[in-house]
Amino acid sequence: MQPRVIPGDFKENGVDKSYDEIFSLICKNIEVSIQKKRFVYFIDEHYVMDTTKGFRLENLTPAYDKILHSGLKQLKYPEQEITNDFCRSYNRVIDQLSILVQRILKKLEENGADCAKQKEWFMNLPDSPAKGFEEAIQRMLFLNQIFWQTDHRLTGLGAWDSFLYPYYEAELSAGLLTRQEALEILKDLYRTLHENYDYKSNVLMGDTGQIFVLGKSDEKGNYICNDLTYLFIEAMKEVQLSDPKCLLRVNQNTPRKLMELALESIVTGIGAPLLANDDVIIPNLLEFGISKEDAYEYTTSACWEPLIGGKSSSPNNMMVLNYLKPLDHLLKRDRLERIKTFDELINRYLLYLQGALNEIKRQLSSIRFPYNPFLSVFLYDCYENKKDVSWGGARYHHMGITSVAMGNLINSLLNIKELVFDTHQYTLYDVKQMVILDFEGKEEVRTQLKARSSQWGIDEENIISLANRITSFVSEEISDYRSYLGGSLKVGLSGSAYLDAAKEYGASFDGRRAGEPFIVHISNEDNDGFTEIISFASQLEYGKSRFNGNVVDFMVSPDFVQNNWDKFLDFLMLCIRKGFFEMQMNVVSSKTLIEARKHPEDFPNLIVRVWGFSAYFNDLPEDYKKVLIKRALRNEGAA
């Protein structure tokens, strides 16, 4: 459905409209729709900013708490503080939001007494702080819907258990709210955010970026959570919706009771919460230069990439590094007869990898973000600096790249080591010919390679050291990068393009045919023991700039978890102490997936984990279904 408002290209009588005017059009012209539900929430999909002509700032989490502690008007610059055009744009944004609030109030008036509570909430919004639990939620929902209305995609939700707890505790203590009532309110919150599910989805259905981040750690290693942390997970478990998602921050002192609740939610099939290990992530944020105050309050962007919510203009999914591509270039372009040892091969590979990284840095250096005073209102430091987010007003300006095919690369390199350099069964020219021709006429070799167990994910020093050598090289090579705002570059070992990027990519010497998917994140379905992949992941190095998402990805059968409940819970607690970076699970059987693929009408609500989000299985393209089924079969030893 085509949007009617196009910033930078919208004309009236031949005159281009400014951002201020376009934002005004949005607030004055979107259809205000009030339904008989607990919360007011609407998105006019016919009247949305079109930001496709510029590089939009997405994968961010705004400062939702800014709208809790004061009214909208208190966020404005006093007249004497207005010193530049940004200050004027900033104030005009708030004025236009106030106009939208008045339009909502008018609609609520028309709906009569049934909306008395909602009317009071919106009457308070221009001039007063939030006064109660439901009102605080309504304010953040109001802000959230405007982000979607203005085409801010993949907008994270952040730490709502922390933001809302003072309101919850006050009403609970005063006898104005019960725990069960709060649970029902949160279930309605989930249902509200699930609205417009198709519109909010980005590349795939369910890829919305809407993720709550729950729990945290303090500087002494204590685990910090509250009753709302539990209630958010309980509500998610009960409503059984694919979206919004949840990430649970954990450390070695996380209560077993909370971990058990998280596991109860995961095994329902919704695949959430994703677990993020503060004991590993926070030290790497500190090393990267994030302040201690901010590092301990990190959230994530759309899926798993850590960022500082409310203070960052740090899009974390800018480009994809394909680790196999430099090896492909080496085989096709280099004088292979000069490479006599495996170490020489690795050194040559790193030179080609350097070229790929230089190209990424070159492309990122050309990016400029569009003027965005609305986002600037809801990021800390823009007000203090009197700068738009596109001018560097926020606190952090780093950029992130994701990566794919590291597992395929490691398996290919180790196959070359054994079959070319150790046993001399083939030459590098043979390898070149096989991957170029997609193993045509060499099916026996491909069968031999496929029969070899995956080395990626095996707890062996030579495998881990090779992976760390390569990622250390990447970290060093990108250390000199600075964006136009002065931000650094970070990278991770997880990426959403493990299937899409592979479609246009040729064969690789791990037995993978051209176009077949890459290995998913940090995973190994060939491995019988879950503990080995965790031990492997805990020895990977995430320091310097290597913390932009590193997800251990499991496929687990429901029967296995249910039949080993206490042991599996013990395993999760041990995994935290071992030091994984992040972990997610698909708890679903191959039988269920196969039946759902054959008879989708019988499984309308089957939810699976994809990339770093959950989605309805029936909504997925066929190739994603095949990947999940194949992984489940391998995990169960049936393929």
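Keep in mind the model is a prediction, meaning the values are calculated, not measured.
- No donor-acceptor pair closer than 3.5 Å links the side chain of E443 to the backbone N or O of F439.
- Side chains of S545 and S475: a donor-acceptor N/O pair is present below 3.5 angstrom, by distance only.
- Dense packing is recorded around NZ of K432, with more than 12 heavy atoms of other residues, nucleotides or ligands lying under 6.0 Å away.
- When atom types are taken as modelled, the side chain of R446 and the backbone of G511 share a donor-acceptor pair closer than 3.5 angstrom.
- Under a 4.0 Å N-O distance rule, the pair D619/K625 does not qualify as a salt bridge.
- Contact detail for P62 and L379: the closest heavy-atom pair is CA-CD2, 4.3 Å.
- For E504, the CD atom is loosely surrounded, since the number of other residues' heavy atoms within 6.0 Å does not exceed 12.
- Formation of a donor-acceptor pair under 3.5 Å by the S312 side chain with backbone atoms of G309 is not found in this model.
- Separation of the Y542 and F547 ring centroids does not fall under the 6.0 Å cut-off.
- Separation of the Y426 and F421 ring centroids does not fall under the 6.0 Å cut-off.
- Residues D207 and S201 bring no donor and acceptor atom of their side chains to less than 3.5 Å of each other.
- Between M585 and R609 there is no side-chain heavy-atom pair separated by less than 4.5 Å.
- For the pair N317 (side chain) and I401 (backbone), a donor-acceptor distance under 3.5 Å is absent.
- Between F369 and P315, the shortest heavy-atom contact is CZ-CG, 3.7 Å.
- Heavy atoms of other residues, nucleotides or ligands lying less than 6.0 angstrom from CD of E287 number more than 12.
- With N358 contributing its side chain and G355 its backbone, the two residues share no donor-acceptor pair below 3.5 Å.
- If you check the side chains of N415 and S412, you find no donor sitting under 3.5 Å from an acceptor.
- Under a cut-off of 6.0 angstrom, the local environment of CD in E460 is crowded, with over 12 non-hydrogen atoms contributed by other residues, nucleotides or ligands.
- Between L286 and K292 the shortest side-chain heavy-atom distance falls below 4.5 Å.
- Within the 4.5 Å cutoff, side-chain heavy atoms of D623 are placed close to those of L499.
- Every residue meeting the side chain to side chain contact (heavy atoms under 4.5 Å, CB included) condition with A632, not counting sequence neighbours, appears here in chain and number order: M555, S590, L593, E636.
- Residues W391 and H397 place their aromatic rings such that the two centres sit no closer than 6.0 Å.
- Counted within 6.0 Å of NZ on K503, heavy atoms from surrounding residues, nucleotides or ligands total more than 12; the atom is thus considered enclosed.
- When side chains are defined from C-beta on, I367 does not count as touching S483, because their heavy atoms never get closer than 4.5 Å.
- A donor-acceptor pair shorter than 3.5 Å can be found between the side chains of D388 and S390.
- Using a cutoff of 4.0 Å between basic side-chain nitrogens and carboxylate oxygens, D480 and K361 are scored as salt-bridged.
- With ring centers used as reference points, F571 lies under 6.0 Å from F568.
- Every side chain to side chain contact (heavy atoms under 4.5 Å, CB included) that R338 has, sequence neighbours left out, goes to D334, R335.
- Contact of the Y616 side chain with the M205 side chain is not registered, since no non-hydrogen atoms from C-beta on lie closer than 4.5 Å.
- For the pair L572/I576, no side-chain contact is recorded, criterion being any heavy-atom separation below 4.5 Å from C-beta on.
- Within the 4.5 Å cutoff, side-chain heavy atoms of F554 are placed close to those of I533.
- Salt bridge D279/R577: absent, no basic N to carboxylate O contact under 4.0 Å.
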Candidate pair K450 and D510, rule salt bridge (charged side-chain N to carboxylate O under 4.0 Å, His left out), full reasoning | CA-CA 7 Å; K450 295 294 287 185; D510 56 347; over 6 Å; no
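- Side-chain rings of H398 and F288 approach one another, their centers coming within less than 6.0 Å.
- A salt bridge links R452 with E418: at least one charged nitrogen is closer than 4.0 Å to a carboxylate oxygen.
- Within the 3.5 Å criterion, the main-chain N or O of Q455 finds a donor-acceptor partner in the side chain of N411.
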Start with the C-alpha distance between R546 and E541, add both sets of side-chain angles, then the distance that settles salt bridge (charged side-chain N to carboxylate O under 4.0 Å, His left out), and finish with yes or no.
-> CA-CA 7 Å; R546 291 170 283 180; E541 295 172 359; 3.5 Å; yes
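- At least one side-chain heavy atom of Y396 sits less than 4.5 Å from a side-chain heavy atom of S314.
- Note: S454 OG to N524 CG = 4.0 Å, rounded to the nearest 0.5 Å.
- For residues 311-331, every residue pair satisfying the salt bridge (charged side-chain N to carboxylate O under 4.0 Å, His left out) rule, not counting sequence neighbours, is listed here: E293-K311, D294-K311, D328-K332.
- Side-chain contact, S508 with N408: no donor N or O sits under 3.5 Å from an acceptor N or O.
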